[in-house]
Amino acid sequence: MNLDFSQIVPSIPFILKGIWVTLQIVSVSLIFGFILGTILSLFKIGKITILRWFADAYTSVFRGTPLILQLFLIYFATPQITGLDITAYTAAVLTFGLNSAAYVSEIIRAGILAVDKGQKEAAEALGVPYRPMLLNIILPQAIKNILPALMNEFITLTKESAIISTIGVLDIMRRAQIVTAERYIAFEPLMFAALIYYILVMTLTLLGRLLERRLRRSD
């Protein structure tokens with residue numbers, strides 16, 4: 001076995017800069033996905049049939065096709081159809097945001113349906129209109145219930161974000177690949193990238209457990 005991790009020491013700061021790029025893309029995508037996912041979840045539980053069909057079809061498409069295929073369609077096919085250039089960063093955020101919205105919409109829908117029906121019946125008995133009831137009574141309780149699931153979605157996006165290296169975004173994975181090419185070694189830079197991802201995921205998992213424990217205490 002011929003391993004020498006000292007060869008990548010000069011490149012460690014270069015690879016570490018990818019952490020910020022990865023977390024930035026994942027965070028923006030999650031916010032975008034949360035907003036769109038909330039809208040889709042309201043469509044799904046609403047009474048307007050065409051909006052319910054649209055939300056279900058949207059979720060079906062984004063959950064039923066590979067994420068890397070969605071990324072390539074947005075990055076490579078969008079300019080061909082629209083004539084507009086799209087940067088790798090924008091394509092990554094759009095793809096992860098649109099994909100995350102499909103999963104988040106199901107999480108929020110389940111959270112809303114899990115709220116005790118008595119809350120809705122009590123609000124209706126007091127004459128609270130549907131919209132204020134949904135925004136001020138049902139959604140706050142649903143969001144509280146689904147926070148651990150949203151944290152899991154954040155963790156999943158962090159791991160899956162490695163595929164954005166295929167379109168040239170300088171994330172952790174891409175930077176490790178560049179070091180591999182420059183120094184003609186593969187194991188050391190890739191193992192270092194794997195260690196970074198592992199620490200990131202474990203940190204997010206710990207934060208998720210702390211958040212869940214805090215929510216249980218507040219109950």
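If you're wondering where the values come from, they're calculated on a predicted model, not measured in any experiment.
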> Just wondering, are more than 12 heavy atoms of other shown residues or ligands nearer than 6.0 Å to CZ in F5?
Replying inline: yes
> Is there side-chain contact between L147 and M151, with heavy atoms separated by less than 4.5 Å?
Replying inline: no
> Which residues pass the side-chain hydrogen bond (donor to acceptor under 3.5 Å, both in side chains) test with Q141, sequence neighbours left out?
Replying inline: Q119
> Among I163, T22, I25, which one satisfies side-chain contact (heavy atoms from CB on, under 4.5 Å) with D171?
Replying inline: T22
> What about F154 and F32, same hydrophobic cluster or not, with Ile/Leu/Val/Met/Phe/Trp/Tyr joined at side-chain heavy-atom distances under 4.5 Å?
Replying inline: yes
>> Quick check: closest heavy atoms across S105 and S41, and the distance to 0.1 Å?
In response: O-CB, 3.4 Å
> Do V28 and L71 sit in the same hydrophobic cluster, where Ile, Leu, Val, Met, Phe, Trp and Tyr count as joined when their side-chain heavy atoms come under 4.5 Å apart?
Replying inline: yes
> More than 12 non-hydrogen atoms from neighbouring residues, nucleotides or ligands closer than 6.0 Å to CG on L69, yes or no?
Replying inline: yes
> Quick one: ring pair (Phe, Tyr, Trp, His ring centres under 6.0 Å) pairs with a partner in residues 35-70, sequence neighbours left out?
Replying inline: Y58-F62
> Applying the 4.5 Å side-chain criterion to the ILVMFWY set and letting contacts propagate, would L16 and Y197 be lumped into a single cluster?
Replying inline: yes
>> Let's go through F76 and I167 carefully: what are the C-alpha distance in whole Å and the side-chain angles of both, what is the deciding distance for side chain to side chain contact (heavy atoms under 4.5 Å, CB included) to 0.1 Å, and is it a yes or a no?
In response: CA-CA 9 Å; F76 294 114; I167 59 172; 4.2 Å; yes
> Sequence neighbours excluded, which residues qualify as side-chain hydrogen bond (donor to acceptor under 3.5 Å, both in side chains) partners of R109?
Replying inline: E106
>> What's the separation between atom CE in M133 and atom CD1 in I138, rounded to the nearest 0.5 Å?
In response: 5.5 Å
> I19 and V169: same hydrophobic cluster, using ILVMFWY side-chain contacts below 4.5 Å?
Replying inline: no
>> As a quick check of understanding, evaluate side chain to side chain contact (heavy atoms under 4.5 Å, CB included) for I164 and F96, giving each step before the final call.
In response: CA-CA 10 Å; I164 60 178; F96 277 80; 3.3 Å; yes
> Tell me the side chain to side chain donor-acceptor pair (under 3.5 Å) pairs involving residues 24-34, sequence neighbours left out?
Replying inline: none
>> According to side chain to side chain donor-acceptor pair (under 3.5 Å), does anything in residues 87-103 pair up with another residue at least two apart or in another chain? List the pairs.
In response: Q70-N99, T87-T90, S100-E153
> What do you reckon, is CG of L195 surrounded by more than 12 foreign heavy atoms closer than 6.0 Å?
Replying inline: yes
> Which atoms form the tightest heavy-atom contact between A186 and P189, and what is the distance?
Replying inline: O-CD, 3.5 Å
> What closest approach, in Å, do K159 and V201 show between heavy atoms, and which atom pair accounts for it?
Replying inline: CG-CG2, 3.5 Å
>> According to side chain to side chain donor-acceptor pair (under 3.5 Å), does anything in residues 5-21 pair up with another residue at least two apart or in another chain? List the pairs.
In response: D4-S6, S11-R183
> So how far is it from L42 CG to L51 CG, rounded to the nearest 0.5 Å?
Replying inline: 10.5 Å
>> Nearest 0.5 Å, please: how far is OG1 in T205 from CG in L200?
In response: 10.5 Å
> Do I74 and L98 come close enough that some side-chain heavy atom pair is under 4.5 Å?
Replying inline: yes
> Where do I107 and F34 land on the side chain to side chain contact (heavy atoms under 4.5 Å, CB included) test, with the steps shown first?
Replying inline: CA-CA 10 Å; I107 293 172; F34 179 76; over 6 Å; no
> Would you call L94 and Y75 a side-chain contact if the rule is heavy atoms closer than 4.5 Å?
Replying inline: no
> So if you build clusters from Ile, Leu, Val, Met, Phe, Trp, Tyr with side-chain heavy-atom gaps below 4.5 Å, do I199 and M202 land together?
Replying inline: no
>> Which heavy atom of L190 sits nearest to which heavy atom of A176, and what is that distance?
In response: CD2-CB, 4.4 Å
>> Measuring from atom CD1 of I8 to atom CZ of F187, what distance do you get when rounded to the nearest 0.5 angstrom?
In response: 10.5 Å
>> So if I apply the side-chain contact (heavy atoms from CB on, under 4.5 Å) rule between T82 and each of D85, L84, I86, which one comes out positive?
In response: L84
> Taking atom CD1 of I108 and atom OG1 of T38, what is their separation to the nearest 0.5 Å?
Replying inline: 3.5 Å
> How long is the span from the CZ atom in R213 to the CZ atom in R209, to the nearest 0.5 Å?
Replying inline: 8.5 Å
>> I'd like to know whether CE of M191 has more than 12 heavy-atom contacts from other residues, nucleotides or ligands below 6.0 angstrom.
In response: no
> Taking it one step at a time, do V21 and R174 satisfy side chain to side chain contact (heavy atoms under 4.5 Å, CB included)?
Replying inline: CA-CA 11 Å; V21 177; R174 180 62 180 162; over 6 Å; no
> With side chains defined as the heavy atoms from C-beta onward, is the minimum distance between I137 and V115 less than 4.5 Å?
Replying inline: no
> Applying the side-chain contact (heavy atoms from CB on, under 4.5 Å) test to V26, which of T158, I155, T156, V93 qualifies?
Replying inline: T158
